[in-house]
Amino acid sequence: RYCLLTDNKCKIGVPSDTTNFSLSSEINSESVITPANGTEFTMTPTERIKDITLTVTAEDGKTIKIYTIKVNRPKSSDTTLSKVNLTNAVLSPSLSKDKREYTLTIPYGSTEFTIEGVPTVPTTTVTGNGTYSKDDKVVRLTTIAEDGSTDVYVFNVVKALSNDATLHDLSVSGYNLDKTFTSTTLDYRIGDIPYGTTKLKINATPTNSDSTIKYYVGTTSFDSNIVDIPTLLGENVITVEVTAADGISKKLYTITYNIVKSDNAYLSKLTPSLGKIDFNKTTFLYNINVENNIDIEKNTTHFKLCFFNW
């Protein structure tokens, strides 16, 4: 930038973001100028006019000329933010010069967060900085430039869903787990169950009430906690799949059981074709009174017993 002197005075305009500058003057090689050429001058963020006095002393050491330079810095119109400082919140997408709407994600379990918008130019002010609740839906930061220009940054607040996929407790009705349940232990056993068992009731409570649970026996899935048990001898596994509220985090708890051959030799029913008996599976001897029914040729008494395995 150049300045043409008029009556030993001139004006120079500098950009609004100028904070320092230097002057260089053309003088006779034998003259001396104070401050010297190349001297750096500074302007504070709020300083818009700076007067600089240049003193030129001729070679004779007596002749002196004084020049006044008026440096003008216009008011800034910059309303941008250079960064956003956050506590207990995550900004997305990253801050950019041309974008004005963003999302703030509040971690699960946090109740409040703080936001501070930092202006690109120190003369710009920002309103709206402070502490907010996780239940606030929108935060707006307004930037006011030195020349009065304004802009608004909008931050939509969303609460992160829980990623807790653990169980608070786990049990099987009628059976004991092989170890005390803890949320971090995933594999359990209930030992032997009798052949012919068709259903088991799994009692599972998630740590976070927004988690969902699905049950599997082998590859067969159940939404209910009462699961069908296939009549296959040997070991099989019930899997309790817990999905966290975020829909991503999962944990699999397993319960291994063993179906053994039945040792039940009881009858379930005993019915004679004639007469009556009071059947009980643990009673092994019965007396049956019937009317005479004699086969003359064989001289034998005939009747039928119908029985059923238990």
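Side chain of D178 to backbone of Y188: no donor-acceptor contact under 3.5 angstrom is found. Side-chain atoms of K50 never come within 3.5 Å of backbone atoms of T44 as a donor-acceptor pair (strictly under, hydrogens ignored). Under the 3.5 Å distance criterion, the side-chain polar atoms of R100 are left unmatched by any main-chain donor or acceptor of V152. Between the side chain of N28 and the backbone N or O of E30 there is at least one donor-acceptor pair closer than 3.5 Å. Under a 3.5 Å cut-off, the side chain of D136 and the backbone N or O of V139 do not form any donor-acceptor pair. Between the side chain of N129 and the backbone N or O of G117 there is at least one donor-acceptor pair closer than 3.5 Å.
Counting only N and O atoms by type, the side chains of K134 and T111 include no donor and acceptor under 3.5 Å apart. Inspection of the D151 and T143 side chains reveals no N or O donor paired with an N or O acceptor under 3.5 Å. For the residue pair E101 and N156, a side-chain donor N or O sits within less than 3.5 Å of a side-chain acceptor on the partner.
Listed here is the closest heavy atom pair of D228 and V217: O-CG2, 3.6 Å. The shortest non-hydrogen separation linking K214 to F222 is CG-O, 3.8 Å. T124 approaches P119 most closely through the heavy-atom pair O-CG, 3.3 Å. When all heavy atoms of V118 and N85 are compared, the pair lying nearest together is CG2-ND2, 3.6 Å. The minimum heavy-atom distance between P74 and S16, with the atom names listed, is O-CB, 3.3 Å. When all heavy atoms are compared, the tightest approach of S183 to T166 is CB-CB, 4.0 Å.
Put simply, the side chain of T55 reaches to within 4.5 Å of the side chain of I64, judged on heavy atoms. Contact annotation: the side chain of P93 approaches that of Y102 to within less than 4.5 Å [non-hydrogen atoms, C-beta and beyond]. Contact check for Y215 versus V240: side-chain heavy atoms found under the 4.5 Å cut-off. Side-chain contact between L177 and I190: present, with at least one pair of heavy atoms (C-beta onward) separated by less than 4.5 Å. Counting heavy atoms from C-beta on, the side chains of L170 and I202 come closer than 4.5 Å. Looking only at side-chain heavy atoms (C-beta outward), P35 and F41 come within less than 4.5 Å of each other. In this structure, the side chains of I12 and I69 come closer than 4.5 Å at one or more pairs of heavy atoms. L167 is listed as a side-chain neighbour of I213, based on a closest heavy-atom distance under 4.5 Å.
Between the CG atom of N20 and the CE atom of M43 there is a distance of 11.0 Å, given to the nearest 0.5 Å. For the atom pair CG (L186) and CD1 (I255), the distance works out to 11.5 Å, reported to the nearest 0.5 Å. For the atom pair CG (L141) and CD (E116), the distance works out to 10.0 Å, reported to the nearest 0.5 Å.
Under the 4.5 Å side-chain heavy-atom criterion for Ile, Leu, Val, Met, Phe, Trp and Tyr, I229 and Y216 are members of distinct hydrophobic clusters. Grouping the Ile, Leu, Val, Met, Phe, Trp and Tyr side chains by contacts below 4.5 angstrom, directly or via other members, places I226 apart from V242. A single hydrophobic cluster is not seen to contain both V121 and L81; linkage of ILVMFWY side chains at heavy-atom distances under 4.5 Å, directly or through other members, places them apart. By the rule that hydrophobic residues join a cluster once side-chain heavy atoms approach within less than 4.5 Å of another member, Y195 and V172 end up as members of one cluster. When the side chains of ILVMFWY residues are joined at heavy-atom separations under 4.5 Å, either directly or via intervening members, V227 and V237 end up in two distinct hydrophobic clusters.
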- Message: Assess the residue pair T87 and E112 against the criterion (side chain to side chain contact (heavy atoms under 4.5 Å, CB included)); give the C-alpha distance rounded to whole Å, side-chain angles, the decisive distance to 0.1 Å, and a yes or no.
- Response: CA-CA 9 Å; T87 302; E112 61 182 26; over 6 Å; no

- Give the C-alpha distance, both sets of side-chain angles, the deciding distance and a yes or no for side chain to side chain contact (heavy atoms under 4.5 Å, CB included) between V157 and K137. CA-CA 5 Å; V157 180; K137 297 183 182 303; 5.6 Å; no

- Could you check Y108 against D164 for side chain to side chain donor-acceptor pair (under 3.5 Å), going step by step and ending with a plain yes or no? CA-CA 10 Å; Y108 180 81; D164 187 349; over 6 Å; no

- Take Y153 and V126, measure what side chain to side chain contact (heavy atoms under 4.5 Å, CB included) needs, and give me the verdict at the end. CA-CA 10 Å; Y153 286 74; V126 181; over 6 Å; no

- Working for side chain to side chain contact (heavy atoms under 4.5 Å, CB included), residues N203 and S173: CA-CA 7 Å; N203 308 299; S173 294; 3.1 Å; yes

- Task: Apply side chain to side chain donor-acceptor pair (under 3.5 Å) to the pair D78 and T80, showing each step before the final yes or no.
- Result: CA-CA 6 Å; D78 191 334; T80 62; 2.6 Å; yes

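Across V158, I115, V138, N88, a single residue satisfies side chain to side chain contact (heavy atoms under 4.5 Å, CB included) together with L104, and that is I115.
Taking the six-membered ring where tryptophan is involved, the planes of F181 and Y253 are tilted, since the angle between them lies from 30° to 60°.
Cation-pi check for K269 over F279 is not met; the charged atom does not lie both under 6.0 angstrom from the ring centroid and within 45 degrees of its normal.
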